[in-house]
Every structure is written in structure tokens, then in C-alpha cells.
Novice: 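Just passing along the structure, written as C-alpha cells.
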Amino acid sequence: MKNSIKKLYDLITSRFYFGDETLEIGDRKYDPIVLFGIITCILNGRELIFGEYGSGKTTSSERISSLIMGLPLEFIQAVTIHGHPEQTEEKIKATLDLGALEKDGREVVRWKLSVFSPVLIIDEINRLPVGKQNLILNEVDRNIWNYRGETIIFEVDKAFFATVNYQDLGTTNLIPPLLDRFDIAVETGRIHPIRKRIVRRGIRDEVLRDSKISREIVEYISQNNETRKANEIVKFLKEISDEFKEKIENRLKEDGFNVEIPRSYEIEEIRKEINEVEISEDVELFLDYLGQEVYCQKGLKKDFSKCDGCHYSVYACSDIYSISNRAEISLFKYLKAVAWIEEEEANLEHLISILPYVIWHRCGISDKKIAEIRDEDKDCCDEFYAVKDVITDVYRRWNEHRDYQIEAYEYLISRRYDKLKEFVKNVDHPFFKSLYRY
């Protein structure tokens, strides 16, 4: 199925979304919006898309979701949740059946369309006030939906996309717990002038549209949207999806595109294959090293004001706040997926390229670091560039310390603790200090 995924990538970049290839892995270049969008759909991941208004954040995620998930574009648009200050739990999740309440006095929960969709887009999520962002924490994290004492726990996860406008009068900051629940974050960037011509003339997405099937899906869900029928709806959508994928393939074939969209059972096989991708030892060593360098050496609770004059201020701990456990889990998922597509072991090239996309939106960056890189020429926002620069510095230090790290681990594995303590005292770095504490 790797060739099928590569063909779908080529199809999207030549037909449905025209961005720049700013993700570099060795000598290969990819459009991160498209590559990570496909992976997010396959893995049922969570992805944030940052950018200016009208830059293609929502339309790109809609088209990628429609194609990979095999659902009509109109349905994907119908289930989209729109962020705004007046958003409520009833508009997002469910309402009570007023007929049953008035006639029989029974509280029957009627779930919204978005609850059952295998992919969900939250448009302009940073227009939700801070208090209302808490409404979707559990749903985004675990795809578990709660309303008035009823709960739907789906057997299969779903993919989440959320778009984020750069700050304006109507936006608010996303709370860190919500940011940390998104596996990866990308930006819509500049578009090549020739590609811009295509965008101006209008991108044709009619092969993804089918109002008749969309109405059938909406009617079926509306008639069966009770908690006890959740699994029936999921099964129905899976059947519709596989049928619609065949229809999309036939339509594309008429336009000269010969692609195969993985069916639901094939996507499950792809997930298994991705999970079995090997991780190189250097990837593990580098992450061990970085993970300790990020910790503050002056206390558990980090405060960037302590960094001024600190002996460790030359390390990443003075630049980025933290790398959460969730971030490392997200990294492995996307790292393995990209390596699977490239038919390689997940190696350092993959890691250094993908890591900034996994952590920049949720790690917290010092004002000092932002000021340091603000005037640099760049094709991304200051925060992403800063994180990328930090990782480059850490990678340089790690290269110098790699052999020492291996030697220290050999002492640890062989339980030569006295030798280990003597050895690590001579290498002035937080990683070796952490081994000494052990």
C-alpha cells in the first residue's frame, strides 16, 4: 500500500492543495500540510493547522479528509465544529429529545452528527474562549463523549483537525492541556506564483462531492443518534466509506488519475505495519539526551527568570519550557509513519525533520530565544523557527557526546556504578548529571 499512499500524496499536491515543500528529510522534500494530513487520517491522529485567514487551512483538511476517509465533502463540511464565543456543549455534542421529554418525561440524549464522524474538523478553534476549550478536552484526547450522564466510548478512534488563525481581535490563546493533545502542528505558508495562478482560478473538488450520499448519511444518523445505536452508525459509515472510495477512484480515472484509496481493512493493516517500523538506536540516544537537557536543573517547576546567569543557560532548558510525555508518543507515531512511507528504518534524518512539527506548538519558548531569531529571514513563524534552531544546537552537542553517552550506558547496563559515577562527573551536561543521580 506504500505506492498507493505516495500516489495519493502526488494527487493531492497536484489537484487539491498547492503549498510549498518546506519539510526536508535528507534530499527529499514534502509539503507538510499534505504529508501529515494523510498520516493523521490513517493513524487517527490530531493535527493543528496554523495560518492567516483565507490561507487554505480548512479547505485543505476538508479535501484530504474526504479523500482518505472516503466520505463526501459536503458531509465533512456538515460535521465541522466552528469555534466562536457563543459555542455551547449542546451545539457541539448533543441535546435532549424534547418530544420524549414532554410526552413521556424521559431524558433521551440525541447526539450531534460530529460525534459519529470518523474525522472531525474544528474550525478556528482559538475563537473558543478559554472556559469553553475545556468542553472538548476529553473528546479530542480519547474520543470519549459525555453529555448529561450518558457516555459514548467508541471502539475505534477518530482523526481530529483543528485550524488556528494567527492572533487577531477575535482570537484567544489555546490552553496548554488542549495544545498538548494535538500530535502535530503545521503552517500554511507562501505559495509559488505559478501555483497561485491555479488557486485564483479555483480548485476543482467536484470528484469529492455527492449531495445525495451526504443527505442519506445525515438522515440515517439523525434517525439513529442514540447512545445505544452508536456502533450501528459507525458500521454504516464504514460501509458507505468503502463504497464512496470506489466512486472517487472511478471519477478520478476519468480525469486521468489512476489511484487506489485504501479501504478500511487496508488502513488497519497499514497501521499495524507502521507500528512495527524499527527505530534506530541513535534516535533513542538523541531523545534520551534531549529529554534531560530540557529539564531545569534548579527545580522541578521551570521559571525562565532563573536562567539569567545560570551555569546551564547554554542548553535547551533556557529556550524551551518542556517536552511532554504525550509529545514523545506523538513523535514516535509520525516518525514511524514517515519512515514507513519512505520504506526505511526510522532514523535521525526523520527525527530531526519531524521533531519541530511535534513540539513547537506545545513546548513553550522563552522570550529571549524569540528575540534572538526574530530578525532572521525565514519561511515560517518565529516559534517554529526557534524550536528548529534549538534542536539543531542540541544535535550538534549530542554528536560531540554520543560516544560518551554509549560508554556511560555500558557502565550502567553492566552495573559498574562506581565507574559510572567517576565517568559522568567529567562530562558537564544535564544528561550525564541525571545518570549520576541514579
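This chain uses plain numbering: 1 for the first residue, then up along the sequence.
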Novice: May I have all residue pairs that pass ring-ring contact (aromatic ring centres under 6.0 Å, His included) and include part of residues 50-81, sequence neighbours excluded?
Specialist: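 Non-adjacent pairs meeting ring-ring contact (aromatic ring centres under 6.0 Å, His included): F50-W360.
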Novice: Any salt bridge between D367 and R374, counting N to O under 4.0 Å?
Specialist: no
Novice: Hey, what do you get for OG (S241) to CZ (F236), rounding to the nearest 0.5 Å?
Specialist: 11.5 Å
Novice: E52: which residues meet the side-chain contact (heavy atoms from CB on, under 4.5 Å) condition with it, sequence neighbours left out?
Specialist: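 Testing E52 for side-chain contact (heavy atoms from CB on, under 4.5 Å), a comparison that skips the adjacent residues, returns Y166.
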Novice: Examine distances only and state if a side-chain atom of Q133 and a backbone atom of I175 form a donor-acceptor pair shorter than 3.5 Å.
Specialist: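 Answer holds: yes.
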Novice: Walk me through whether V156 and N143 qualify under side-chain contact (heavy atoms from CB on, under 4.5 Å).
Specialist: CA-CA 9 Å; V156 180; N143 193 27; over 6 Å; no
Novice: Looking at F154, I'd like to know if the NZ or CZ of K158 sits under 6.0 Å from its six-membered ring centre while staying within 45 degrees of the ring's axis.
Specialist: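 Positive - K158 is close enough to the ring of F154 and near enough to its axis.
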Novice: Check this for me: does any side-chain nitrogen of one of E232 and K235 sit under 4.0 Å from a carboxylate oxygen of the other?
Specialist: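 No, this pair does not count.
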Novice: Keeping the roles fixed (side chain from S117, backbone from L113), state whether a donor-acceptor pair exists under 3.5 Å.
Specialist: no
Novice: Under the 3.5 angstrom rule, does the side chain of K245 hit a backbone N or O of P262 as a donor-acceptor pair?
Specialist: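 Between the backbone of P262 and the side chain of K245 there is a qualifying donor-acceptor contact (under 3.5 Å).
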Novice: Could you measure the distance from the CD1 atom of I270 to the CD1 atom of I39? Nearest 0.5 Å is fine.
Specialist: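 Spacing of CD1 (I270) from CD1 (I39) equals 11.0 Å.
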Novice: Treating E293 as the side-chain partner and Y315 as the backbone partner, does any N or O pair qualify as donor plus acceptor under 3.5 Å?
Specialist: no
Novice: Can D210 and R251 be counted as an ion pair, charged N to O under 4.0 angstrom?
Specialist: yes
Novice: Any side-chain donor paired with an acceptor under 3.5 Å for D282 and S280?
Specialist: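 Note: D282 and S280 side chains miss the donor-acceptor criterion.
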Novice: Tell me whether E400 is salt-bridged to R397, with the criterion being a basic N under 4.0 Å from an acidic carboxylate O.
Specialist: no
Novice: Answer yes when R28 and E349 have at least one side-chain N-carboxylate O distance shorter than 4.0 Å, and no when they do not.
Specialist: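 So R28 pairs with E349 through a salt bridge.
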Novice: Is it true that a side-chain atom of S65 and a backbone atom of S61 form a donor plus acceptor pair closer than 3.5 Å?
Specialist: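 Side chain of S65 to backbone of S61: a pair is present.
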Novice: Quick check on ring pair (Phe, Tyr, Trp, His ring centres under 6.0 Å): which of Y30, F384, Y334 does Y357 satisfy it with?
Specialist: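 Checked Y30, F384, Y334 against Y357; only one passes ring pair (Phe, Tyr, Trp, His ring centres under 6.0 Å): F384.
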Novice: Under the 6.0 Å and 45° cation-pi test, does K93 pair with Y147?
Specialist: no
Novice: Within this structure, what is the SG-CZ distance for the pair C380 and R190, rounded to the nearest 0.5 Å?
Specialist: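 That separation rounds to 9.0 Å.
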Novice: In terms of side-chain geometry, is the basic nitrogen of R142 or D157 positioned less than 4.0 Å from the acidic oxygen of its partner?
Specialist: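 Salt bridge between R142 and D157, a charged N being under 4.0 Å from a carboxylate O: no.
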Novice: I279 pairs by side-chain contact (heavy atoms from CB on, under 4.5 Å) with which of L287, L335, N347?
Specialist: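 In the set L287, L335, N347, the residue that makes a side-chain contact (heavy atoms from CB on, under 4.5 Å) with I279 is L335.
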Novice: Is the backbone N or O of Y411 less than 3.5 Å from a side-chain atom of R415, with the two atoms forming a donor-acceptor pair by type?
Specialist: no
Novice: Are E89 and K112 within salt-bridge range, i.e. N to O under 4.0 Å?
Specialist: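 Looking at E89 and K112, the cut-off is not met.
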Novice: Just by modelled atom types, is the F182 backbone N or O under 3.5 Å from a matching donor or acceptor in the E47 side chain?
Specialist: no
Novice: Can you list everything that forms a side-chain contact (heavy atoms from CB on, under 4.5 Å) with I203? Sequence neighbours excluded, please.
Specialist: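 Testing I203 for side-chain contact (heavy atoms from CB on, under 4.5 Å), a comparison that skips the adjacent residues, returns F18, R63, V199.
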Novice: How long is the gap from CG on N258 to CG on L252, to the nearest 0.5 Å?
Specialist: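 That separation rounds to 9.5 Å.
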Novice: Salt bridge or not between D123 and K57? Use side-chain N to carboxylate O under 4.0 Å.
Specialist: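 K57 and D123: not salt-bridged.
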Novice: Going from CZ on F244 to CG on D242, what distance comes out if it is rounded to the nearest 0.5 angstrom?
Specialist: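 If I round to the nearest 0.5 Å, the distance is 12.5 Å.
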Novice: Donor-acceptor check, side chain of H84 to backbone of Q87, threshold 3.5 angstrom: yes or no?
Specialist: yes
Novice: Atom CZ of R271 and atom CD1 of I42: how far apart are they, to the nearest 0.5 Å?
Specialist: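 Reported to 0.5 Å precision, the distance equals 8.5 Å.
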